[in-house]
Amino acid sequence: MHEFTIAQGIVDFLRETYSAKGYRITSFKIALGELSMFDKNIIIDLVRELIKGTELEGAKFTVSIEEAAVKCESCNQIHTFKELTKSLSNDEKEMIHFIPELIPSFARCPTCGSRDLKILTGRGVMVTDIAVQKA
Amino acid sequence: MQFRKHKEEITDYRDYLIRKRLSKISFIVFVGSGKGGVGKSLVAATTGLLLSTFGFKAGLLDLDMHGPSSSMILNVNELPLEEKEGLSPPLVNNLKVISIGLFVKEAPLPLSGEAKREALKELLAITDFGHLDYLIVDLPPGTGDESLAAINLITNNRGVILVSTPSLLSLQVVRRAAIFFKDMKVEIIGLIENMVVGERFGETYKLAEELGVPFLGYIPYDKRVAYISEKLDPAELVKTEFAGALRKALSKAKILG
């Protein structure tokens with residue numbers, strides 16, 4: 001699990017993009033794509049720890065899971081994370097955790113068996129609703 | 001990963017992480033061809049091995065999303081290690097090797113254009129090469145999504161070595177690739193003519209002259225590596241006739257001293 005890399009990246013990005021330019025971030029939201037299988041609580045703990053003593057200390061943030069929707073381009077069915085991954089091994093799931101686009105390497109459409117799968121939602125990590133004030 | 005500023009402007013967080021990682025790499029060498037089957041992956045893998053053998057800090061990134069073969073050439077099977085700063089690539093004779101092939105092994109790779117771009121971005125964002133003198137990037141044949149994505153993500157300190165064979169067909173495709181890289185403002189380090197049998201040279205040097213770029217040399221067809229070096233130890237690979245000729249070409253390109 002590379003939660004630390006992600007959490008550190010979020011904090012570094014916010015500091016260099018906003019704090020270094022004289023903005024104070026008051027709140028932000030983190031959405032974790034279901035396919036990336038990050039541990040929400042670990043991300044919360046890491047971000048909380050990493051912003052301590054920085055310009056971001058005191059900013060409010062929330063972490064939520066964005067549900068995955070994957071469309072089969074062959075039969076047009078849209079599938080959930082559970083439907084696609086229920087028969088996968090932990091090792092296979094770990095590869096999808098690293099690179100969500102690899103899902104068709106390991107999973108097939110539960111309806112027609114095709115591997116022509118397109119991720120519609122829930123692939124990676126997004127930071128949204130960044131509220132800033134001029135420091 | 002994306003950032004939305006004030007609910008309107010979206011910035012992809014991975015771009016930031018990629019820039020940070022690439023800033024630790026002194027120079028990036030794309031190895032391309034335009035055409036498949038010219039020995040490009042072998043040139044890329046052996047270039048990486050030669051660099052690490054001569055004491056450079058080097059990495060190899062296999063961007064061929066449909067037929068990743070660099071890791072196979074180098075007999076790499078281990079997954080990258082998860083460390084605090086990201087995924088640490090497995091080592092072959094001190095060469096850091098990363099390939100999508102390490103993640104999927106023998107599973108199919110049915111990636112659409114957009115998925116290839118996303119996968120490349122993710123791979124670059126999570127892989128921690130650390131400080132490198134050279135990163136060798138094995139491009140897929142052609143000038144499609146992977147090449148476009150790589151050129152758009154890797155924007156500084158970069159150049160391309162183009163690999164051709166004596167065949168006229170190969171030369172025509174390499175010409176098209178060379179025009180593409182020139183138009184994309186990627187420095188052409190030089191052209192190599194691979195798979196030369198005896199004295200049957202092609203006209204790659206003429207194409208280099210026409211394009212105004214260096215011709216780096218001929219590489220002979222080497223039976224020892226032609227049947228792909230699945231079983232050829234990397235330490236042996238750098239001692240082959242193929243590697244000797246490639247070494248001269250890299251010296252001419254001032255990549256190897």
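Order of the sequence lines sets the chain letters (A, B, ...), proteins ahead of strands, with each chain counted from 1. Atom set for the values below is all heavy atoms of this structure, side chains included, hydrogens, waters and symmetry mates excluded.
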Residue B:K20 versus chain A: region with a heavy atom under 4.5 Å =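 Answer is side chain: those atoms of B:K20 sit under 4.5 Å from chain A.
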ask   = For B:E83, is it the side chain, the backbone, both, or neither that has a heavy atom closer than 4.5 Å to a heavy atom of chain A?
value = backbone
message = Donor-acceptor pair, distance only, cut-off 3.5 Å: does the side chain of A:S105 make one with the backbone of B:V104?
response = no
request  = Find the one option among B:A107, B:A119, B:P108 whose heavy-atom pairs under 4.5 Å with chain A are most numerous.
outcome  = B:P108
Winner by heavy-atom pair count (cut-off under 4.5 Å) against chain A, out of B:L111, B:L87, B:L123, B:D128 = B:L87
Mind checking the [atom1]-[atom2] spacing from [X] to [Y]? Nearest 0.5 Å is all I need.
X	Y	atom1	atom2	value
A:H97	B:F103	NE2	CZ	10.0 Å
B:Y16	A:T17	OH	OG1	7.0 Å
A:F98	B:L102	CZ	CG	11.5 Å
A:I6	B:R14	CD1	CZ	9.5 Å
A:E94	B:L79	CD	CG	7.0 Å

[X] atom [atom1]: more than 12 heavy-atom contacts under 6.0 Å:
X	atom1	result
A:R108	CZ	no
A:K134	NZ	yes
A:E67	CD	no
B:K116	NZ	yes
A:K93	NZ	yes

What part of [X] is in contact with chain B, defined as an atom under 4.5 angstrom from a non-hydrogen atom: side chain, backbone, both or neither?
X	result
A:E16	side chain
A:F106	side chain
A:D116	neither

key: Most contacts with chain B, counted as non-hydrogen pairs under 4.5 angstrom, among A:E73, A:R115, A:Q8   =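 Most pairs with chain B among the choices: A:R115.
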Beyond-backbone contact of [X] with [Y], side-chain heavy atoms, under 4.5 angstrom:
X	Y	value
B:S112	A:K118	no
B:E118	A:I119	no
B:E82	A:E3	no
A:L102	B:I100	yes

request  = For B:E122 and A:R123, run salt bridge (charged side-chain N to carboxylate O under 4.0 Å, His left out): C-alpha distance rounded to whole Å, both residues' side-chain angles, the deciding distance at 0.1 Å, then the answer.
outcome  = CA-CA 11 Å; B:E122 204 70 45; A:R123 73 157 304 286; 2.8 Å; yes
Test side chain to side chain contact (heavy atoms under 4.5 Å, CB included) applied to B:L17 and A:T5, step by step = CA-CA 9 Å; B:L17 196 49; A:T5 308; 4.3 Å; yes
